[in-house]
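Data first, discussion second: the structure below is written as structure tokens.
Counting starts at 1 for both ligands and their atoms, following the listed order. What you see below is based on every heavy atom in this structure, not just the backbone, and it leaves out hydrogens, waters and symmetry mates.
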Amino acid sequence: MPLDLTYTTERFCAEMDAAAYIANFRRADYFMQFCRECGNYGRRHGCPHFDYDPLSVIAPYRKIHIIGVKIVPHDENLPLSEANTLMLPVILGLNDELLALEKSLGGMAFGFAGSCPYCGEAPCARIDGLPCRHPDKVRPSLEAFGFDISKTASDLLGLEIKWSYDGSIPEYLVLVCGVYY
Ligand code: SF4
């Protein structure tokens, strides 16, 4: 029987002063130790390490608009291996929205950690030292710039991130992204 990959989404937004967000929600050294242990570290254009100082990139901006999306699968027993499939359409739609906001606000969008959806099965061009094939679409995540996504979700969006302990997708998944402007 095919898996039921249908879901509903709920959306949450917050607006914050950029400097206050950096001061209260960024722990770059702490989170970078986990990034270094990830197989994507230095192997995807959206992931650390970067050849620039992340703080210098966001320094010109005064505010950040943060968006959280809660994805609630209809099937409560989906295997965790289906999480990326479940999130993909939401990620693609949100990324388009972020890029439109980036353009209209004159800012910089921050997308999603993990696998990059734009090259299909092809390995990331960064592995061969080549530029990104889709620089118009790929942005770093807030995690990649050292921001605490669990704290952002709980303190600013009122969303508790759930973890899987039994190999199944938890009650819901959470995506957090944003635009500095
Ligand atoms: S679009 Fe392709 S080249 Fe660019 S970050 Fe994604 S996987 Fe890498």
Checklist entry - Taking atom types as modelled, is there a side-chain donor on N95 or Y118 under 3.5 Å from an acceptor on the other? => result yes
Checklist entry - Per the side chain to side chain contact (heavy atoms under 4.5 Å, CB included) rule, which among P140, C119, C124 passes with H45? => result C124
Item to check | Distance criterion under 2.8 Å: protein N/O/S atoms around atom 6 (Fe) of ligand 1 | outcome: 1
Item to check | Residue pairs involving residues 128-151 (criterion ring pair (Phe, Tyr, Trp, His ring centres under 6.0 Å); sequence neighbours excluded) | outcome: Y21-F147, F50-F145, F110-F145
Checklist entry - Do R44 side-chain atoms and A125 backbone N/O form a donor-acceptor pair below 3.5 Å? => result no
Next on the checklist: One thing to verify: whether R11 and E97 come together as a salt bridge, which I'm taking to mean a side-chain N less than 4.0 angstrom from a carboxylate O.
Outcome noted: yes
Next on the checklist: Would you say the rings of Y181 and H65 are close, in the sense that their centroids are separated by under 6.0 Å?
Outcome noted: no
